[in-house]
2 protein chains.
Amino acid sequence: MKTKRATAKDVAELVGCSVSAVSLVVSGRTEGRINNDLRDRIEAAVQELDYRPNQSARTLATRSPSNIAFVCPDIRNPFFGEVFHGLSASVAAQYRVQLRVPSSGLDFGIDVVRDAQSENIAGLILAAPSSGVMELFRSTCPTVLLEAPDQTLGLPCVDLNLESAAKGLAQHLLAMGHRRVGYLSYQPKKGTFVVRRHHLEVAMQEGGAHLLDAIASAGELTIEEGEARFFESWKHWKENGVTAVVAADDILAYGAIRAAKKAGLHIPGQLSVAGFNDIPFSALIAPPLTSVDFRAYELGQAAGAAMINTINGRATNLTVVETELHLRASTGAATPLKGPKRRASGTSSAPAV
Amino acid sequence: MKTKRATAKDVAELVGCSVSAVSLVVSGRTEGRINNDLRDRIEAAVQELDYRPNQSARTLATRSPSNIAFVCPDIRNPFFGEVFHGLSASVAAQYRVQLRVPSSGLDFGIDVVRDAQSENIAGLILAAPSSGVMELFRSTCPTVLLEAPDQTLGLPCVDLNLESAAKGLAQHLLAMGHRRVGYLSYQPKKGTFVVRRHHLEVAMQEGGAHLLDAIASAGELTIEEGEARFFESWKHWKENGVTAVVAADDILAYGAIRAAKKAGLHIPGQLSVAGFNDIPFSALIAPPLTSVDFRAYELGQAAGAAMINTINGRATNLTVVETELHLRASTGAATPLKGPKRRASGTSSAPAV
DNA sequence: CTGAAAGCGCTAACAG
DNA sequence: CTGTTAGCGCTTTCAG
């Protein structure tokens with residue numbers, strides 16, 4: 001069963017020729033080098049032995065690796081799956097892409113990056129790297145950063161237009177009359193999350209509104225965490241007249257919705273909820289979630305294109321992928337209120353749909 | 001910037017020693033071999049040059065690869081992300097795992113498998129391989145199959161207990177009075193889906209009920225496909241008195257729910273819906289979906305364990321991971337009906353929640 | 001047209 | 001204790 005994998009030497013011995021001949025034949029550069037008879041015999045032997053060249057050895061010899069590594073924090077998040085898909089498709093003609101994620105926990109550390117670097121890879125893509133990782137990072141091959149605003153290393157980046165995303169969301173909420181908005185954050189030190197919150201806050205303030213942070217930010221990107229952080233913060237928010245909550249990511253928003261429902265709040269009657277990312281499930285939950293579409297597939301494609309350019313020495317500094325706000329039923333008009341502070345005592349129970 | 005990666009030779013030259021010395025030092029086997037002074041100087045040079053051994057070259061030399069490849073159909077499906085996570089964690093002490101997926105399309109072909117095999121890998125894990133792939137497959141290293149019932153090659157397998165899953169679901173539906181159940185299938189030639197449907201049908205029949213296939217099975221695992229197939233089949237189902245629909249996967253069930261709602265059907269009042277997989281979002285949609293939990297993380301862990309065993313020559317034939325039925329609001333009592341056939345003409349519109 | 005030889009970066013015997 | 005040698009599987013000059 002575990003037939004030892006055939007090597008070029010095996011083929012050569014079977015045919016009675018040299019290894020170089022089989023090398024030429026399998027790589028198809030037979031033109032004017034190998035006569036047709038020999039070629040046919042080699043090809044037959046290749047078939048028979050099911051020989052396929054050892055890619056690692058080939059890479060070692062040619063110094064032209066055939067795969068690029070994609071490192072991301074958590075592949076369970078459908079967002080990264082979609083990014084991976086776009087990336088993979090856009091480089092498929094020339095490279096295979098292999099995914100690397102932390103074996104456990106919430107985010108990748110420098111170790112995962114170094115593991116990837118220690119293989120022979122043509123390029124490296126780092127998705128949403130933490131500042132901790134970037135401090136320790138040393139480039140050893142063409143590298144592209146994805147979703148890494150604030151990282152001022154000279155590396156090519158592909159970022160989302162988070163400013164327009166946040167601004168769009170803010171304007172929507174402002175137009176609906178929201179002046180006090182709770183914010184459920186995640187990884188407050190990671191560039192992409194810093195920026196989301198920042199632009200949202202700026203835009204809200206320009207509209208004369210305020211962002212109120214949750215008591216604590218989510219430690220993990222799970223529904224449960226979103227739920228727990230919401231419960232923890234709700235008293236504080238309620239006392240300060242919060243009429244809408246924005247979550248740093250849809251998954252947390254799901255948790256917020258669940259918690260709000262459990263607390264007997266009607267959405268959006270008593271509380272509006274919105275998120276970032278717009279993963280496909282956001283349109284299906286109850287109520288459908290207002291969210292900013294991050295165009296994950298495009299992001300992956302852009303990363304692939306940037307990678308190819310970088311490998312070819314035409315490094316692009318920064319690519320920006322646009323985002324799109326999707327308005328759904330989870331956001332609605334703010335409950336009318338009089339002063340800047342209101343005591344939303346109890347709940348005037350509208351049927352929680 | 002793109003400082004050429006340092007090699008063992010570079011380190012040796014800087015220190016003025018042989019490459020073997022640095023090899024011994026970096027791999028920590030310095031005991032009684034290298035004197036402390038030399039060791040320290042080498043370590044200093046390693047630091048200075050930021051030397052890290054080329055893993056591919058090391059593998060080539062030692063013939064003991066350090067990573068295992070995981071091939072799966074579609075990483076956008078959170079199920080596989082979770083499996084990957086479990087797998088990754090369970091082999092972390094000894095191996096890194098790298099993911100391989102098709103660059104586009106819905107399923108991996110033999111090409112993806114061969115790409116993986118052509119690297120130096122310690123093991124290969126194939127998730128839900130199609131029969132087409134398995135026909136062409138030739139093992140070149142320890143291989144473990146995941147979710148591959150019906151594949152009678154002599155390879156170690158990790159499967160779900162699909163029989164108890166389907167039986168549990170059937171019994172639930174039977175108890176609720178359902179006698180005509182629509183079935184929304186996906187990839188009807190892939191082992192895992194064949195088996196899901198089969199056991200469901202058998203269990204339904206034992207209870208005197210029938211499974212009615214959709215007009216066509218879903219070509220892709222997306223909400224849209226589920227929706228389209230439902231619409232297409234609903235007339236047929238309705239005419240035959242179908243009171244519940246089971247989807248081969250939760251994602252399709254989401255589509256069915258959306259379609260049913262659009263058709264003005266109340267769930268579960270007029271139609272019950274259930275799925276397989278129980279991805280985390282299933283508890284959040286409206287209405288929450290009754291589904292069979294596939295324990296993705298455990299499945300991944302089991303695959304990791306089976307892999308380790310196989311590598312160590314103690315191949316396990318088959319590992320079965322249990323499943324668990326989660327009852328939620330999407331399933332309820334069948335609308336009372338008189339004969340085996342009922343004309344559910346129109347819709348007595350109960351408010352679609 | 002074809003084979004022998006060198007070398008990619010590393011490790012593992014074996015001498016000194 | 002340390003360096004030299006050989007070789008992992010492949011590609012690539014360079015002679016013949």
Side-chain angles (χ1 to χ4, degrees), chain A residues 3-43 45-46 49-67 117-122 140-141, chain B residues 3-43 45-46 49-67 117-122 140-141:
Chain A
T3 32
K4 189 97 187 70
R5 198 167 145 190
T7 138
K9 195 172 155 201
D10 297 333
V11 177
E13 278 170 2
L14 183 59
V15 173
C17 69
S18 76
V19 268
S20 9
V22 350
S23 174
L24 287 178
V25 169
V26 293
S27 53
R29 287 159 312 150
T30 188
E31 278 310 304
R33 322 271 284 101
I34 303 282
N35 106 28
N36 287 353
D37 174 52
L38 213 211
R39 173 169 52 80
D40 293 347
R41 281 163 49 225
I42 290 179
E43 279 173 352
V46 164
L49 298 179
D50 191 39
Y51 166 71
R52 250 150 310 122
N54 181 322
Q55 191 56 48
S56 313
R58 184 205 282 263
T59 295
L60 192 57
T62 59
R63 270 140 303 171
S64 56
S66 60
N67 41 81
Q117 287 179 309
S118 74
E119 302 283 339
N120 273 330
I121 52 177
T140 60
C141 68
Chain B
T3 32
K4 188 96 188 72
R5 199 167 145 191
T7 138
K9 196 173 153 202
D10 296 334
V11 177
E13 277 169 4
L14 182 61
V15 173
C17 69
S18 75
V19 268
S20 14
V22 350
S23 174
L24 287 177
V25 170
V26 294
S27 53
R29 285 159 313 148
T30 188
E31 278 310 305
R33 322 270 283 99
I34 303 284
N35 110 22
N36 287 355
D37 174 51
L38 213 211
R39 171 168 55 77
D40 293 347
R41 281 162 49 224
I42 290 179
E43 277 171 353
V46 164
L49 298 179
D50 191 37
Y51 166 72
R52 249 150 310 123
N54 181 321
Q55 192 56 48
S56 313
R58 184 205 283 261
T59 296
L60 193 56
T62 57
R63 271 142 300 174
S64 57
S66 60
N67 38 95
Q117 288 179 309
S118 75
E119 301 282 339
N120 273 329
I121 52 177
T140 60
C141 67

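Note that the structure is a prediction, hence the values are computed from the model and not measured. First the proteins, then the strands, lettered A, B, ... as listed; each starts at 1. Values reported hereafter were calculated over all heavy atoms of this structure, with side chains retained and with hydrogens, waters and symmetry mates removed.
For residues 15-25 of chain A, there are no salt bridge (Lys or Arg N to Asp or Glu O under 4.0 Å) pairs, not counting sequence neighbours. Residue pairs satisfying the salt bridge (Lys or Arg N to Asp or Glu O under 4.0 Å) criterion with at least one member in residues 50-67 of chain A, sequence neighbours excluded, are listed as follows: A:Asp50-A:Arg52, A:Asp50-B:Arg138.
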| request: Would you give a per-nucleotide map of nucleotides 5-12 of chain C, 5' to 3', where B means the base has a protein non-hydrogen atom under 4.0 Å away, S means only the sugar-phosphate does, and - means neither? | output: --BBBBSB
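For B:Asp37 and D:dT2, the CG to C1' distance is 13 Å, given to the nearest whole Å. In this entry the distance linking CD of A:Glu13 with P of D:dC10 reads 12 Å, nearest Å. Rounded to an integer number of Å, the gap from CG of A:Asp40 to P of C:dT2 is 12 Å. We find that CG of B:Asn35 is positioned 10 Å from P of D:dG3, with the value rounded to whole Å.
Without hydrogens or angle criteria, A:Ser56 side chain to B:Asn120 main chain gives a donor-acceptor distance under 3.5 Å. Under the 3.5 Å distance criterion, the side-chain polar atoms of B:Ser23 are left unmatched by any main-chain donor or acceptor of B:Val19.
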| said: Wobble G-U and Watson-Crick pairs count when both distances are under 3.5 Å; given that, what is the 5' to 3' dot-bracket string of DNA chain C, with | for pairing to other strands? | reply: |||||||||||.||||
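With sequence neighbours left out, the side chain to side chain contact (heavy atoms under 4.5 Å, CB included) criterion links A:Ser20 to A:Ser18. Considering only residues two or more places apart in sequence or on other chains, A:Gln117 meets the side-chain hydrogen bond (donor to acceptor under 3.5 Å, both in side chains) condition with A:Thr140.
The side-chain heavy atoms of A:Glu119 and B:Asn67, taken from C-beta on, include a pair separated by under 4.5 Å.
The gap from the C1' atom of C:dA6 to that of D:dT5 amounts to 15 Å, rounded to the nearest Å.
Atom-to-atom distance recorded for B:Asp40:CG and B:Ile34:CD1 is 11.5 Å, nearest 0.5 angstrom.
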